[in-house]
Amino acid sequence: MIQFQILHRYSDSEWRPVTIVFNWAPNGDQQYFWPSFDEAEAVRQRLLTLLPYAELRVALAGTDIGDVDWQIREKLRFADGTYAPIPWHDEPWYRARHDEHFCHISQEQAGKIAFTENPAKGQADRQLVMSPGRYLNRFFSEHLDNDAIRDWCARLSVLLQEHTLKITQDADEIEDVYVGGPRSCMAHEASDFDGPCHPVRVYAGPDTALAYIGASDDATARCVVWPGRKIYTRIYGDESRLKLLLEGAGYNSGSLNGARVRRIPYDDSFVVPYIDAGGDLDDDGEHLVIGHGSISSGNTTGVADIPWCCPRCDSEGSPHETVYVVDGGNEEWCNRCFHDHATFCNHNNRYYSDDESFVTVHTDHDSHTVLEDDAEDFGAVYLEDRREWWASDCCRRCDASGEWFHAEDLTEYHGEWLSEDHLPEPFDDDDVSLANAHLLAYHQFHDEMAAIQADVARWQAAGERARDERLRRERDEAERLRLEALRRSIIEPPDGARPLRDRHEPPRISEGLRSVAAMTVPASAVISLPNESEP
């Protein structure tokens, strides 16, 4: 009959069965046996709760391993240390399939895992070797996304010590890692930057350093660290593995603000790389201090910009937003000045200084801030009675005064809209027969005004007629006098001349005189001249 026993490490080379040496042994030299592997394993686990540092394992008692079925064989290999468990061995999603696969670290190929693909291969004692990422993706993709799979692969890599953590403050080594390692804005040759040297050389102490894995000229991952405070920053490249190594060494993610870096002057500025986890730098005369000043840490040229000063408060900082002035100019302000002293104009969708004059334009459901000079262009009118600016589509003019009022402040009377000052005086509304007293008063007022206007029109028409008649009489009188003078000059000769009747032939009228007479004498005013045949 197959039996199982629990062994404890007696020396580096010898394992002995559990006996009276331990408090849980039954008696004397009698060894203690269990009829199944699972029962023995359960007892081993309970014993470990009493002595967590004891080395115990389950083994067959007096039987060859070939005499047991393949699942017991695989369990015994884990129990006696033949198989090294993978990092996800105790995860619930894997435990549900452990007795199918018995997945373990491959003893044949470094960096890979081995498992039993199916029962037939288990009976034949054949294990399939596979990369950990492929195995997890094939069998557990419903439980793990790509990031989780990469993390478990990194854990296995660290467990196998495939990569070692390297931390350096040597400027040449730091430059080599950046140039030959993972890609980023700083991973270029020194000649690609504006300064006299590669900007990442400033990380060579006194407080900062570079952590990486792999060869210095072909690193698979890197990040800037602060060894004195065990702080690591953004990781480039194989993030999962480097993060595990750093955290295993006691590092935590954090900021570089306060850390000192090398001070390398260049022209009027300094050599500074793009810094992921820190603010602008300060110059203390010996080093540059991250996060304590205004020397830019956000450039990718390798050289810090000259500090920028806000034109409003004259303080060093960085520009935040453009602010306009009415005359058409603009300035870039810092964040504090912009939020404290700038106002948005809803007419032209720009920010202006609070020193400009703004008005609030009301609507029935909202309000808008607009430059006072642009209020009318915005479609607003000023209401004197309310002392407010309102959108014109909420207002209308009083038909009596022509002034603007809010539509709610006008009253409609017989098709016209009137303000309170132009409403007619009411009658006594106590009389039920005068239920429409205001309307009657309004109509009476307009009838009286219409009558006055009609009288004025008649007087004006009569005056026009009298003037026209006077002018006509004056013209007729002038014409009569002219014709009378003309007739006398023809009938009465000058002194010494013979009268017409004494002549043998009628007097001759010059052609010029005839033409003048024909043109000036109207037909109605022609007077027949006497001839010699008339008495």
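- Side-chain contact between Tyr178 and Tyr203: present, with at least one pair of heavy atoms (C-beta onward) separated by less than 4.5 Å.
- Interatomic distance, Thr208 OG1 to Ile275 CD1, rounded to the nearest 0.5 Å: 8.5 Å.
- Closest non-hydrogen pair, Pro85 versus Ile105, comes out as O-CD1, 3.7 Å.
- Partners of Thr301 according to the side chain to side chain donor-acceptor pair (under 3.5 Å) rule, which considers only residues two or more places apart in sequence or in another chain, do not exist here.
- Residues Val58 and Ala40 share a closest heavy-atom pair of CG1-CB, 3.8 Å.
- In terms of heavy atoms, Thr360 sits closest to Ser367 at CG2-CB, 3.9 Å.
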- Task: Would you check, one step at a time, whether the test side chain to side chain contact (heavy atoms under 4.5 Å, CB included) holds for Tyr382 with Val359?
- Result: CA-CA 10 Å; Tyr382 186 72; Val359 296; over 6 Å; no

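- In this structure, Phe102 and Phe78 have tilted ring planes: the angle between them lies in the 30° to 60° band.
- The two residues Asp170 and Thr168 have their closest heavy-atom pair at N-OG1, 3.0 Å.
- Remark: the His98 side chain and the Asp90 side chain contain no N/O donor-acceptor pair separated by less than 3.5 Å.
- Side-chain N or O atoms of Asp280 include one that pairs as donor or acceptor with a backbone N or O of Ser297 at under 3.5 Å.
- The backbone N or O of Val370 lies less than 3.5 Å from no partner atom in the side chain of Asn346, so there is not a single donor-acceptor pair.
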- Residue pair Asp364, His406: steps toward the side chain to side chain donor-acceptor pair (under 3.5 Å) verdict: CA-CA 10 Å; Asp364 287 338; His406 192 281; 3.2 Å; yes

Taking distance alone, no hydrogens or angles, what donor-acceptor pairs closer than 3.5 Å link side-chain atoms of residues 215-229 to residues at least two apart or in another chain?
{"from": "Thr220", "atom 1": "OG1", "to": "Ile213", "atom 2": "O", "distance (Å)": "3.4"}
{"from": "Arg222", "atom 1": "NH2", "to": "Pro182", "atom 2": "O", "distance (Å)": "3.2"}
{"from": "Arg222", "atom 1": "NH2", "to": "Ser184", "atom 2": "OG", "distance (Å)": "2.6"}

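- Annotation: the span from Ser131 atom OG to Ile113 atom CD1 amounts to 7.5 Å, rounded to 0.5 Å.
- Partners of Lys166 under the salt bridge (Lys or Arg N to Asp or Glu O under 4.0 Å) rule, at least two apart in sequence or in another chain, do not exist in this structure.
- For Glu189, the CD atom sits in a loose shell: 12 or fewer heavy atoms of surrounding residues, nucleotides or ligands are nearer than 6.0 Å.
- With sequence neighbours left out, Asp238 forms a salt bridge (Lys or Arg N to Asp or Glu O under 4.0 Å) with Arg241.
- In this structure, a donor-acceptor pair under 3.5 Å is absent between the side chains of Tyr324 and Glu356.
- Listed for the Asp267 side chain is no donor-acceptor partner under 3.5 Å among the backbone atoms of Ser269.
- The environment of Asn349 atom CG is dense: over 12 non-hydrogen atoms of other residues, nucleotides or ligands sit within 6.0 angstrom.
- Asp374 places no side-chain N or O within donor-acceptor distance of the main-chain N or O of Asp377, the cut-off being under 3.5 Å.
- Contact of the Ile6 side chain with the Leu47 side chain is registered, since non-hydrogen atoms from C-beta on lie closer than 4.5 Å.
- Summarising the geometry of Val271 relative to Tyr266, their closest heavy-atom pair is CG2-CB, 4.2 Å, with the distance given to 0.1 Å.
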- Task: Apply the test side chain to side chain contact (heavy atoms under 4.5 Å, CB included) to residues Thr363 and His368: give CA-CA distance (whole Å), side-chain angles for both, the deciding distance (0.1 Å), then the verdict.
- Result: CA-CA 8 Å; Thr363 66; His368 305 278; 4.1 Å; yes

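- Heavy-atom neighbours of Arg336 CZ from other residues, nucleotides or ligands within 6.0 Å: at or below the threshold of 12.
- Looking at residues two or more places apart in sequence or on another chain, you find no side chain to side chain donor-acceptor pair (under 3.5 Å) involving Arg396.
- Applying the side chain to side chain contact (heavy atoms under 4.5 Å, CB included) criterion to Gln127, with sequence neighbours excluded, gives Arg73, Glu74, Arg77, Tyr83, His104, Ala114, Thr116, Asp125.
- The pair Lys243-Asp151 does not meet the salt-bridge criterion, since no charged nitrogen lies less than 4.0 angstrom from a carboxylate oxygen.
- Not counting sequence neighbours, the partners of Glu247 by the side chain to side chain donor-acceptor pair (under 3.5 Å) test are Tyr232.
- Looking at residues two or more places apart in sequence or on another chain, you find a salt bridge (Lys or Arg N to Asp or Glu O under 4.0 Å) between Arg138 and Glu117.
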- For Leu165 and Leu242, run side chain to side chain contact (heavy atoms under 4.5 Å, CB included): C-alpha distance rounded to whole Å, both residues' side-chain angles, the deciding distance at 0.1 Å, then the answer. CA-CA 7 Å; Leu165 177 63; Leu242 184 52; 3.6 Å; yes

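- At distances below 3.5 Å, not a single donor-acceptor pair connects side-chain atoms of Ser392 with backbone N or O atoms of Val381.
- Counting heavy-atom neighbours within 6.0 Å of Glu321 CD, excluding the residue itself, gives a total above 12.
- Ring geometry for Phe139 against Tyr135 counts as tilted: the plane angle lies between 30° and 60°, on a 0 to 90° scale.
- The CG atom of Asn299 lies 9.5 Å from the CG atom of Asp194; values are rounded to the nearest 0.5 Å.
- Every salt bridge (Lys or Arg N to Asp or Glu O under 4.0 Å) that Arg386 has, sequence neighbours left out, goes to Asp409.
- The minimum heavy-atom distance linking Val361 with Trp390 is given by the pair CG1-C, 4.0 Å.
- Counting non-hydrogen atoms of neighbouring residues, nucleotides and ligands closer than 6.0 angstrom, the CZ atom of Arg95 exceeds 12 such neighbours.
- Remark: Arg46 pairs with Ala42, Val43 by the side chain to side chain contact (heavy atoms under 4.5 Å, CB included) rule, at least two apart or across chains.
- We find the CG-CD1 distance between Leu281 and Ile290 to be 5.5 Å, quoted to the nearest 0.5 Å.
- Residue Cys103 holds its SG atom at 10.0 Å from NE2 of His89, rounded to the nearest 0.5 Å.
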For residues 256-264, dump all side-chain donor-acceptor pairs below 3.5 Å to protein atoms at least two apart in sequence or in another chain.
{"from": "Asn257", "atom 1": "OD1", "to": "Gly279", "atom 2": "N", "distance (Å)": "2.8"}
{"from": "Asn257", "atom 1": "ND2", "to": "Ser255", "atom 2": "OG", "distance (Å)": "3.4"}
{"from": "Arg260", "atom 1": "NE", "to": "Asp207", "atom 2": "OD2", "distance (Å)": "3.0"}
{"from": "Arg260", "atom 1": "NH2", "to": "Asp207", "atom 2": "OD1", "distance (Å)": "3.1"}
{"from": "Arg262", "atom 1": "NH1", "to": "Arg201", "atom 2": "O", "distance (Å)": "3.3"}
{"from": "Arg263", "atom 1": "NE", "to": "Asp283", "atom 2": "OD1", "distance (Å)": "2.6"}
{"from": "Arg263", "atom 1": "NE", "to": "Asp283", "atom 2": "OD2", "distance (Å)": "3.4"}
{"from": "Arg263", "atom 1": "NH2", "to": "Asp283", "atom 2": "OD2", "distance (Å)": "3.1"}

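- Ring pair His101/Phe140 is perpendicular by interplanar angle, where above 60° counts as perpendicular and below 30° as parallel.
- Here Thr343 pairs with Asp354 under the side chain to side chain donor-acceptor pair (under 3.5 Å) rule; sequence neighbours left out.
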- Could you walk me through whether Leu136 and Trp93 pass the side chain to side chain contact (heavy atoms under 4.5 Å, CB included) test, one step at a time? CA-CA 11 Å; Leu136 293 172; Trp93 46 267; 4.0 Å; yes

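- Phe338 pairs in a ring pair (Phe, Tyr, Trp, His ring centres under 6.0 Å) with only one of the listed residues (Tyr351, Trp333, Tyr352, Phe344), which is Tyr351.
- Atoms CG and CD1, on Asn137 and Ile149 in that order, are 4.5 Å from each other to the nearest 0.5 Å.
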